[in-house]
There are 2 protein chains.
Amino acid sequence: MNPNSIGKDYLDHISIDCVIFGFHNKSLRVLLLKWKTINRWALPGGFIKKNEHADAAAQRVLSERTELSNIFLRQFHTFSDPDRNKADGNLDISLLPVRFSKEAIDWIKGRFVTIGYFALVDFNKVKPVPDLFSEECRWWELEQLPVLLYDHHHIVDAALIALRDALQYQPMGKYVMPKKFTLPELQKLYEVILGKKIDRRNFRKKILGLNIIHPLGETRKGGAHRSPDLYSFN
Amino acid sequence: MNPNSIGKDYLDHISIDCVIFGFHNKSLRVLLLKWKTINRWALPGGFIKKNEHADAAAQRVLSERTELSNIFLRQFHTFSDPDRNKADGNLDISLLPVRFSKEAIDWIKGRFVTIGYFALVDFNKVKPVPDLFSEECRWWELEQLPVLLYDHHHIVDAALIALRDALQYQPMGKYVMPKKFTLPELQKLYEVILGKKIDRRNFRKKILGLNIIHPLGETRKGGAHRSPDLYSFN
DNA sequence: TGCCTAATGTGTAATATTTACGCAATAATA
DNA sequence: TATTATTGCGTAAATATTACACATTAGGCA
């Protein structure tokens, strides 16, 4: 994003925000940005070009932050509380990057209706990249998020609920699991998303019955006990 | 809405559109507006005031069109195709109401990202009221919609899918059925929303098991055969 | 080397939910 | 009063979900 394009090339008062989910070490994570100067963590987001689809804008933000393309992306809700950017009362966005013009700063400080998306990515393939507003981009465990900018924590909560609902219909493990994985690993993913324990044996039966994964004939070595079989999505 | 407030009191490039569902004579219906001059039917919609929540804007539009308050309302998707208002290539919005200023007409002709809501109302309680752009407001059977403005037909389709999904989780008959109704009537509602036939006896078992309705001890007279019992939602 | 431990793979039984369908009761019509 | 079509009520079959027993395996350790 070009600092000079702020407030000119984009639609006014509309933004998109992405809750990017990854899975690593048995825990669900989201990719966050640390905003400059104000030192607050926030969701990756951006604006919509005057002739751009919001989905395209989200996909653009996603590729910029992760260096991935063709990411699983789904719009889940639009947040329009007129005071949603005032949740942080003591926060002055104008302290942000100095290279913005006064007009651009006024533009950014205005009200934004934001379209929320959630994305699913392979944790191992992501190369986190900060944007113009941020100095750092990294994964956070969903269970241990820092204080977030504005209403972003609320957006994350809503995204998780949307993901949970979606998982009932559509098996989306494909987008978050690495190429090779074990059934216990996949089960853990389901457990953290659904927020409940699942019986090993029933889970196996269910997933294998869906015919969406196949065994590779290999096992994951190195564990303390019996080596679990490795699978891949079809 | 005051014609002079167009393009001034509202957020630019953002609108809301409502798919208002009603149920009458065994069929699902939506409330549509016939736009002046261009004579095309469209969804009731409106703009968001500069300090207004989109939900409030939708509720406002809803009460204006139906003369009802406290309507069941749910946001389901935001439509952002930059060309969505160009689907009607030969349509010139500027032919619309003469009392708008040139600025207002330019504003309206611009791109709009629209937040889609669906609403459930009691058909019998609605008094359809046209808005500033329209000369008529009336119900249309979902199965026999006319050609709609822009991408509104697509919005209706998406709303129906959202309603269908929601009905699985939450019994929403309460909002569309009249105070007194029979089980076969309620069943028909489910059938038209879900798009499939349901077994009478299983439907009865399921609904009664939910403990959301109670018999009134009366029956609906006048039918050609056995009079069905009347129920109300709790 | 061989036992212990804990996790995985496989199977089966119990339970709950969904689906299918038979039959009696009833109200208008002829 | 018989006919007909629809409603109310009940039961059985099929399917899906849940619970749980037991054998297999790999590393740890004596």
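Residue numbers start from 1 in every chain, and the chains themselves are labelled A, B, ... in the order their sequence lines are given, proteins ahead of strands.
- For A/I20 against A/P44, the heavy-atom pair with the smallest separation is CD1-CG, 3.9 Å.
- Atom CG of A/L230 and atom C1' of D/dT25 are 15 Å apart (whole Å).
- When the P atom of C/dT8 is taken as reference, atom CD of A/E185 falls 9 Å away, rounded to whole Å.
- Of the residues near DNA chain C, A/L183 and A/A224, the one whose nearest nucleotide (by heavy atom distance) lies more toward the 5' end is A/A224.
- When the P atom of C/dG22 is taken as reference, atom CG of B/D199 falls 11 Å away, rounded to whole Å.
- Atom C1' of nucleotide D/dT6 and atom NZ of B/K221 are separated by 14 Å, given to the nearest angstrom.
- Taking the ring centroids of B/F21 and B/Y175, they lie at or beyond the 6.0 Å cut-off.
- Between A/E135 and A/K34 a salt bridge is recorded (basic side-chain N to carboxylate O distance below 4.0 Å).
- For the pair A/R200 and A/G222, both in contact range of DNA chain D, the more 5′-proximal nearest nucleotide belongs to A/R200.
- Shown for residues 201-215 of chain B: residues whose heavy atoms fall under 4.0 angstrom of DNA chain C, namely B/R201, B/N202, B/K205.
- The separation between B/Y190 atom OH and C/dT19 atom C1' is 18 Å, rounded to whole Å.
- When the P atom of C/dA20 is taken as reference, atom NZ of B/K197 falls 14 Å away, rounded to whole Å.
- Ion pairing of B/K86 with B/D83 is present here, as a side-chain N (NZ or NE/NH1/NH2) and a carboxylate O approach within less than 4.0 Å.
- Between A/D122 and A/P178, the closest heavy-atom pair is OD2-CA, 3.7 Å.
- Between the side chain of B/H225 and the base of D/dA5 there is at least one donor-acceptor pair of N/O atoms closer than 3.5 Å.
- For D/dT6, its base never sits under 3.5 Å from the side chain of B/R226 at any donor and acceptor pair.
- Rounded to an integer number of Å, the gap from CG of B/D229 to P of C/dA25 is 15 Å.
- Looking at every heavy atom in both residues, B/I213 comes nearest to B/N234 through C-OD1, 3.5 Å.
- Using the six-membered ring where Trp is involved, A/Y150 and A/W35 have ring planes that are perpendicular, over 60° apart on the 30 and 60° scheme.
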